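Predicted model only: the values in this text are computed from it and were never measured. Any value given below was found using the heavy atoms of this structure, including those in side chains, with hydrogens, waters and symmetry copies removed.
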Amino acid sequence: QVQLVESGGGLVQAGGSLRLSCAASGRTFSSYTMGWFRQAPGKEREFVATITWSGSSTYYADSVKGRFAISRDNAKNTVYLQMNSLKFEDTAVYYCAARFGRTAAQVIFSAQYDSWGQGTQVTVSS
């Protein structure tokens, strides 16, 4: 398994942007499909975005499509989530997740992932 550490969360006004990063340990990062999930208070954890091992394919939840962009740098063992046009309802703890295997991008269930980070808080003020 890889160890994952998220960073980049914070407080931002509605309409603003944030970039989350997730640094992974280990030498086999390029063998993992990576995803971002989020959990708002009192709600279930929900899928946000995923990216294949090569970065060639991505998949997004409808709620963030066109506003968020997932990317990765395998040389730096890091996956990113660029969040633009943030809305109050984007407020949540954001988690990075890793699934071993070079799968398709459409891996949207939390149970499909092997490793998780500790989460980073994103708060959007209205």
Side-chain angles (χ1 to χ4, degrees):
Q1 291 186 341
V2 292
Q3 307 298 316
L4 304 172
V5 179
E6 302 98 334
S7 61
L11 174 64
V12 63
Q13 288 188 332
S17 298
L18 278 176
R19 188 195 197 200
L20 305 184
S21 299
C22 173
S25 65
R27 295 175 293 176
T28 59
F29 179 70
S30 62
S31 296
Y32 286 81
T33 298
M34 299 299 296
W36 286 96
F37 287 74
R38 68 186 181 186
Q39 188 167 17
K43 294 189 176 182
E44 298 277 323
R45 187 172 298 188
E46 66 173 1
F47 166 75
V48 175
T50 187
I51 187 167
T52 54
W53 66 275
S54 65
S56 62
S57 184
T58 57
Y59 189 77
Y60 297 93
D62 288 343
S63 58
V64 306
K65 201 173 296 182
R67 300 187 298 120
F68 290 12
I70 188 172
S71 61
R72 68 190 295 163
D73 185 338
N74 287 344
K76 295 182 178 180
N77 282 12
T78 302
V79 62
Y80 305 97
L81 185 68
Q82 178 67 44
M83 306 185 294
N84 300 324
S85 301
L86 282 160
K87 304 176 181 180
F88 175 75
E89 50 265 39
D90 294 318
T91 296
V93 177
Y94 283 71
Y95 297 91
C96 173
R99 171 185 168 91
F100 184 75
R102 295 179 172 180
T103 65
Q106 198 167 342
V107 185
I108 66 172
F109 299 106
S110 58
Q112 295 175 293
Y113 288 83
D114 310 307
S115 302
W116 292 84
Q118 83 289 350
T120 186
Q121 175 71 46
V122 172
T123 303
V124 184
S125 62
S126 57

Closest heavy-atom contact between [X] and [Y]?
| X | Y | value |
| --- | --- | --- |
| Thr91 | Ala40 | O-CB, 3.7 Å |
| Ile70 | Trp36 | CD1-CD1, 3.5 Å |
| Gln121 | Ala92 | NE2-O, 3.5 Å |
| Leu81 | Ala49 | CD1-CB, 4.3 Å |
| Ser126 | Ala14 | CA-CB, 4.3 Å |
| Val122 | Gly9 | CG2-CA, 4.2 Å |

Do [X] and [Y] sit in one hydrophobic cluster, given that two such residues count as connected whenever their side-chain heavy atoms are within less than 4.5 Å of each other, even indirectly?
| X | Y | result |
| --- | --- | --- |
| Val93 | Val79 | no |
| Ile108 | Val48 | no |
| Val2 | Val107 | no |
| Ile51 | Met83 | yes |

So with a 6.0 Å cut-off around NZ of Lys43, is the heavy-atom count from everything else above 12?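 No, NZ of Lys43 has 12 or fewer neighbouring heavy atoms, counting only those of other groups under 6.0 Å.
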Surrounding CD of Gln118 (heavy atoms of other residues, nucleotides or ligands, distance under 6.0 Å), is the total greater than 12?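 Yes, because the 6.0 Å sphere around CD of Gln118 holds more than 12 heavy atoms from other groups.
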Return the [atom1] to [atom2] distance between [X] and [Y], rounded to the nearest 0.5 Å.
| X | Y | atom1 | atom2 | answer |
| --- | --- | --- | --- | --- |
| Thr28 | Asn77 | OG1 | CG | 8.5 Å |
| Arg99 | Ser115 | CZ | OG | 12.0 Å |
| Cys96 | Glu6 | SG | CD | 5.5 Å |
| Tyr59 | Gln106 | OH | CD | 4.0 Å |
| Tyr60 | Phe47 | OH | CZ | 9.0 Å |
| Phe68 | Arg38 | CZ | CZ | 5.5 Å |

Under the ring-ring contact (aromatic ring centres under 6.0 Å, His included) rule, what pairs show up with a residue in residues 79-109, not counting sequence neighbours?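 Of all non-adjacent pairs touching residues 79-109, those that pass ring-ring contact (aromatic ring centres under 6.0 Å, His included) are Tyr32-Phe100.
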Is the backbone N or O of [Y] less than 3.5 Å from a side-chain atom of [X], with the two atoms forming a donor-acceptor pair by type?
| X | Y | value |
| --- | --- | --- |
| Ser56 | Ser54 | no |
| Arg102 | Trp53 | no |
| Thr58 | Thr50 | no |
| Arg72 | Thr52 | yes |
| Thr33 | Gly101 | yes |

Does Met34 reach the side chain of Leu4, with side-chain heavy atoms less than 4.5 Å apart?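 Met34 reaches Leu4 side chain to side chain.
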Sidechain N-carboxylate O distance under 4.0 Å for Asp90, Lys87: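 Lys87 and Asp90: not salt-bridged.
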